[in-house]
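Below you'll find the structure, written out as structure tokens, and then a few comments.
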Amino acid sequence: MPEGRFKLLYDGECPLCRWEVQWLKRRDRDGNLVLQDISDPAFDPARYGLTREDVAGVLHGILPDGRVVRRVEAIRQAYRAVGLGWLVAPMQWPILCWVVDVIYGIFARNRIRLGRLLGRGCTSGGCAITPESPDGKPTKLLPTTVDDR
């Protein structure tokens, strides 16, 4: 990855995630955001010290120095990379940071279901996960047969 670029590991099977990534990509005029679809069979999470379960559970990103960030911090870094850091800056404030992280956790666990409610489903059968365990990681991947509409 070229120096100075942020890599976002996103779930290409998640319709809402795809929408957000496309929106970010259109705003990435300087090429500072690298997008990696974790549903791509060639994707190897071990390259970053992660497992498929790790990356399927919550959003991850790779900073230019190789450090891994998760959840809302990955979102903040992606927005910064495309020049929209001002938009997410309030998410760093202590109380708001905690609230946004809780809301993100609920979203991450229910993103596929929310996509279906909005008329968009998975594009294949491998994008549903079980609720998170107490340590914040998904317990296992579950197959699903939802069609993209």
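Formation of a donor-acceptor pair under 3.5 Å by the Arg5 side chain with backbone atoms of Pro64 is not found in this model. A distance-only check finds no donor-acceptor pair linking the side chain of Arg71 to the backbone of Leu59 [under 3.5 Å]. A donor-acceptor pair is defined here as one N or O able to donate and one able to accept, closer than 3.5 Å; such a pair exists between the side chain of Arg52 and the backbone of Ile38. A distance-only check finds no donor-acceptor pair linking the side chain of Arg70 to the backbone of His60 [under 3.5 Å].
The two residues Ile62 and Phe6 come nearest to each other via the heavy atoms O-CD1, 3.3 Å. Annotation for Pro45 and Thr51: closest pair CG-C, 3.7 Å, computed over non-hydrogen atoms. Heavy atoms only, all atoms of each residue included: Asp11 and Cys17 are closest at O-CB, 3.5 Å.
Two residues are said to be in side-chain contact when any heavy atoms from C-beta on lie closer than 4.5 Å; Lys7 and Tyr48 meet this criterion. In this structure, the side chains of Leu8 and Val34 stay at 4.5 Å or more apart for every pair of heavy atoms. Side-chain contact between Val100 and Leu96 is present, with at least one heavy-atom pair separated by less than 4.5 Å.
At a threshold of 4.0 Å, the pair Glu73-Arg80 counts as salt-bridged, since one of the basic side-chain nitrogens sits closer than that to a carboxylate oxygen.
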* Start with the C-alpha distance between Val55 and Phe43, add both sets of side-chain angles, then the distance that settles side chain to side chain contact (heavy atoms under 4.5 Å, CB included), and finish with yes or no. => CA-CA 11 Å; Val55 296; Phe43 173 69; 4.0 Å; yes
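One distance of note links CG of Leu9 with CG of Leu35; it measures 9.5 Å at 0.5 Å rounding. The line from CE of Met91 to SG of Cys97 is 9.5 Å long, rounded to the nearest 0.5 Å.
With hydrophobic clusters built from ILVMFWY side chains whose heavy atoms lie under 4.5 angstrom apart, Trp19 does not share a cluster with Ile103. Hydrophobic clustering keeps Ile106 apart from Val72 (ILVMFWY residues linked when any side-chain heavy atoms are closer than 4.5 Å, directly or through intermediates). One hydrophobic cluster, built from ILVMFWY side chains closer than 4.5 Å, cannot hold both Trp98 and Ile75; they sit in different ones. The hydrophobic cluster containing Val88 also contains Trp86, counting ILVMFWY residues as joined when their side-chain heavy atoms lie under 4.5 angstrom apart, directly or transitively. Placement of Leu87 and Val69 within a single hydrophobic cluster is found when ILVMFWY residues are connected by side-chain heavy-atom separations under 4.5 Å, directly or transitively.
Residue pairs satisfying the side chain to side chain donor-acceptor pair (under 3.5 Å) criterion with at least one member in residues 31-44, sequence neighbours excluded, are listed as follows: Asp37-Ser39.
Residue-environment remark: CZ (Arg26) exceeds the threshold of 12 foreign heavy atoms within 6.0 Å.
Using bins of under 30°, 30° to 60° and over 60° for the plane-to-plane angle, the ring pair Trp23/Tyr79 lands in the tilted bin.
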